[in-house]
Amino acid sequence: MIFLQLFWVYIKIGLFGFGGGYAMLSLIQDEVVHRYGWITAQEFTDIVAISQMTPGPIGINSATYIGYTVTGSVWGSVVATVAVSLPSFVLVLILSAFFARFRRNAYVDAAFRVIRPATVGLIASAALSLMFYPAFLTVLLASPEKGLTLDQVIVRENFVDLWSVLLFAFAFLATVRRWLHPIVTILIAGLAGLLIYGF
């Protein structure tokens with residue numbers, strides 16, 4: 001049963017995950033963390049970090065890791081990876097035959113004008129949901145006079161102390177300002193984490 005659920009979840013993600021792996025992250029998180037509860041928010045963050053450090057697209061890498069984590073079997077990895085890749089493979093195969101003809105089509109262009117900003121929104125949603133609890137804004141708007149504590153806003157599994165906030169700021173600035181290559185940033189953050197938390 002879990003294999004069928006895993007296949008169904010990842011076939012949906014593969015079919016509607018426009019914009020690549022980073023845009024898929026919010027869809028993946030919604031399904032595997034919030035809807036099914038297969039993994040925790042912290043485990044999801046760890047899987048995203050591992051997926052970024054390994055070669056290949058992040059959506060496929062995370063599907064492989066989550067498939068194994070959920071089932072405890074290599075077959076879970078195979079099912080999730082095939083399911084997330086299958087829709088793209090089939091669609092690209094079909095579209096490649098018609099691409100030259102539809103490339104300058106006004107309807108296709110209009111659709112992509114909407115898909116592009118929606119993809120940016122999905123990527124931003126994934127990033128923000130790793131930082132903030134999704135429900136904090138609803139709670140704040142419902143009763144603004146009560147206010148919120150920091151623990152109700154910040155995902156503590158990802159920001160455990162001041163060091164983690166500083167590492168986040170460093171990685172964010174190093175990426176945005178292009179001070180360092182993303183792989184170098186990940187390696188430095190991993191080494192810093194080992195020095196700060198490992199000993």
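Computed from a predicted structure; not experimentally measured. Atom set for the values below is all heavy atoms of this structure, side chains included, hydrogens, waters and symmetry mates excluded.
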Could you go through the side-chain contact (heavy atoms from CB on, under 4.5 Å) check for Leu180 and Phe170 one step at a time?
-> CA-CA 10 Å; Leu180 298 170; Phe170 161 74; 3.7 Å; yes
Residue pair Val70, Val32: steps toward the side-chain contact (heavy atoms from CB on, under 4.5 Å) verdict = CA-CA 9 Å; Val70 169; Val32 302; 5.7 Å; no
Take Val82 and Tyr10 through the test side-chain contact (heavy atoms from CB on, under 4.5 Å) and record every step on the way to the result.
-> CA-CA 8 Å; Val82 167; Tyr10 274 98; over 6 Å; no
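Linking ILVMFWY residues whenever their side-chain heavy atoms come closer than 4.5 Å, directly or via other members, leaves Leu15 and Val92 in distinct clusters. Taking hydrophobic clusters as Ile, Leu, Val, Met, Phe, Trp and Tyr residues chained together by side-chain heavy-atom distances below 4.5 Å, Ile94 shares a cluster with Phe89.
Residues satisfying the ring pair (Phe, Tyr, Trp, His ring centres under 6.0 Å) test with Tyr36, not counting sequence neighbours, are Trp38. Partners of Arg177 by side chain to side chain contact (heavy atoms under 4.5 Å, CB included), not counting sequence neighbours, listed by chain and number: Trp179. Qualifying side chain to side chain contact (heavy atoms under 4.5 Å, CB included) partners for Arg178, counting only residues two or more places apart in sequence or in other chains: none. Residues meeting the side chain to side chain donor-acceptor pair (under 3.5 Å) test with Asp30, sequence neighbours left out: none.
Heavy atoms only, all atoms of each residue included: Gly67 and Ala80 are closest at CA-CB, 4.0 Å. When every heavy atom of Phe16 is checked against every heavy atom of Leu27, the shortest pair comes out as O-CD1, 3.7 Å. Residues Val33 and Ala41 come closest through the heavy atom pair CG1-N, 4.0 Å. Minimum heavy-atom separation, Ile11 to Pro87: O-CG, 3.6 Å. Of all heavy-atom pairs spanning Ile60 and Ser85, the tightest one is CD1-OG, 3.6 Å. Heavy-atom minimum distance, Ala63 versus Val84: CB-CG1, 3.8 Å.
Once rounded to the nearest 0.5 Å, the distance linking CD1 of Ile28 with NE2 of His34 reads 12.5 Å. Note that the OG1 atom of Thr40 and the CD1 atom of Ile47 stand 8.5 Å from one another [nearest 0.5 Å]. If you take OG1 on Thr71 and CD1 on Ile2, they are separated by 8.0 Å, rounding to the nearest 0.5 Å. Annotation: the span from Leu6 atom CG to Thr81 atom OG1 amounts to 9.0 Å, rounded to 0.5 Å. In this structure, OG1 in Thr45 is found 11.0 Å from CD1 in Ile50, a value given to the nearest 0.5 Å.
Think of Tyr107 as one node in a network of Ile, Leu, Val, Met, Phe, Trp and Tyr side chains linked at under 4.5 Å; it has no links at all. Applying the under-4.5 Å side-chain rule to Ile, Leu, Val, Met, Phe, Trp and Tyr, the cluster around Ile183 extends to Leu187.
Within 6.0 Å of CZ on Phe3 lie more than 12 heavy atoms contributed by other residues, nucleotides or ligands.
Side-chain contact between Asp46 and Tyr65 is absent, with no heavy-atom pair separated by less than 4.5 Å.
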